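Have a look at the structure below, then the notes.
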Amino acid sequence: MMGKMHISLFLVTMLSIITLNVCGMRNLNKRAQIFNFCRQHKFDIVCLQECHIKNQSEVTQWEKEWGGRALWSLSSSHSKGVGILISPSTHFEISKQFCDTEGRVVCAVLSNGTQALRICNVYAPNVAADRTAFFKDLG
């Protein structure tokens, strides 16, 4: 005679996340290489630093090229600028978002109905005194 069997099923969502300092991606060919690399490796979330993205028209164009959702903190054309790319194959929606006005911080709360994930992409200053002040203000 067989005894009772109890089966528990746990659903664990696995995410693939990468962070890249791209040292500028205003060049179309370089941007295409970055986006293709991220798609080929099937990253769910991509955090980019030093994008040098500067205006809304670039935001629109870059999101079209990426093919998924994206969040950006704009900067000058020669420094800073951060972004979070969300793969079109993920089931996460952006439920909250925040970005600073300096091109250094972009954060999002991503949710899929049952789970929530808070992700922040921060590009801190490289000068020690500036970095200390930045994190003090951030905290």
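Computed from heavy atoms alone, side chains included, the values below leave out hydrogens, waters and symmetry copies. Because the structure is a prediction, the values reported are computed rather than measured.
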Side-chain donor/acceptor pairs under 3.5 Å, residues 130-139, sequence neighbours excluded:
residue	atom	partner	partner atom	Å
Arg131	NH1	Pro125	O	3.2
Arg131	NH1	Asn126	O	3.0
Thr132	OG1	Ala128	O	3.0

Hey, can you pull the donor-acceptor pairs under 3.5 Å for the side chains in residues 82-99, sequence neighbours left out?
residue	atom	partner	partner atom	Å
Ser87	OG	Ser89	N	3.1
Ser87	OG	Ser89	OG	2.9
Thr90	OG1	Arg69	NH2	3.4
Thr90	OG1	Ser87	O	3.0
Ser95	OG	Val109	O	3.1

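Using a 30° and 60° split on the angle between ring planes, Phe37 and His41 fall in the tilted class, from 30° to 60°. Trp62 and Trp72 have perpendicular rings, their planes meeting at more than 60° on a 0 to 90° scale where under 30° would count as parallel.
Interatomic distance, Gln33 CD to Asn27 CG, rounded to the nearest 0.5 Å: 8.5 Å. Of the inter-residue distances, the one linking Leu48 atom CG with Arg31 atom CZ reads 11.5 Å to the nearest 0.5 angstrom.
Although no hydrogens or angles enter the test, the distance criterion places a donor-acceptor pair under 3.5 Å between the side chain of Ser73 and the main chain of Asp100.
Identified under the salt bridge (charged side-chain N to carboxylate O under 4.0 Å, His left out) test for residues 20-29, with sequence neighbours left out: Arg26-Glu58. Applying the side-chain hydrogen bond (donor to acceptor under 3.5 Å, both in side chains) test to pairs two or more places apart or on separate chains, those with a residue in residues 42-55 are Thr19-Gln49, Asn21-Glu50, Gln49-Asn121, Glu50-Tyr123, Asn55-Ser57.
Between Lys64 and Thr60, the closest side-chain pair of non-hydrogen atoms is not below 4.5 Å. Val46 places none of its side-chain heavy atoms less than 4.5 Å from the side chain of Ile34.
Hydrophobic side-chain contacts under 4.5 Å tie Leu28 to no other Ile, Leu, Val, Met, Phe, Trp or Tyr residue. Residue Val127 belongs to no hydrophobic cluster, having no ILVMFWY side-chain heavy atom closer than 4.5 Å to its own.
Under the 4.5 Å side-chain heavy-atom criterion for ILVMFWY residues, a single connected hydrophobic cluster contains both Val22 and Leu74. In the hydrophobic clustering of ILVMFWY residues, with side-chain heavy atoms under 4.5 Å counting as a link, Val106 and Met25 come out apart. There is no path of hydrophobic side-chain contacts, each under 4.5 Å, that joins Leu20 to Ile45. Residues Val105 and Ile119 do not share a hydrophobic cluster, defined by chaining ILVMFWY side chains whose heavy atoms lie under 4.5 Å apart. Cluster annotation: Ile18 is connected to Phe35 through the hydrophobic network of ILVMFWY side chains, with a link wherever side-chain heavy atoms come within less than 4.5 Å.
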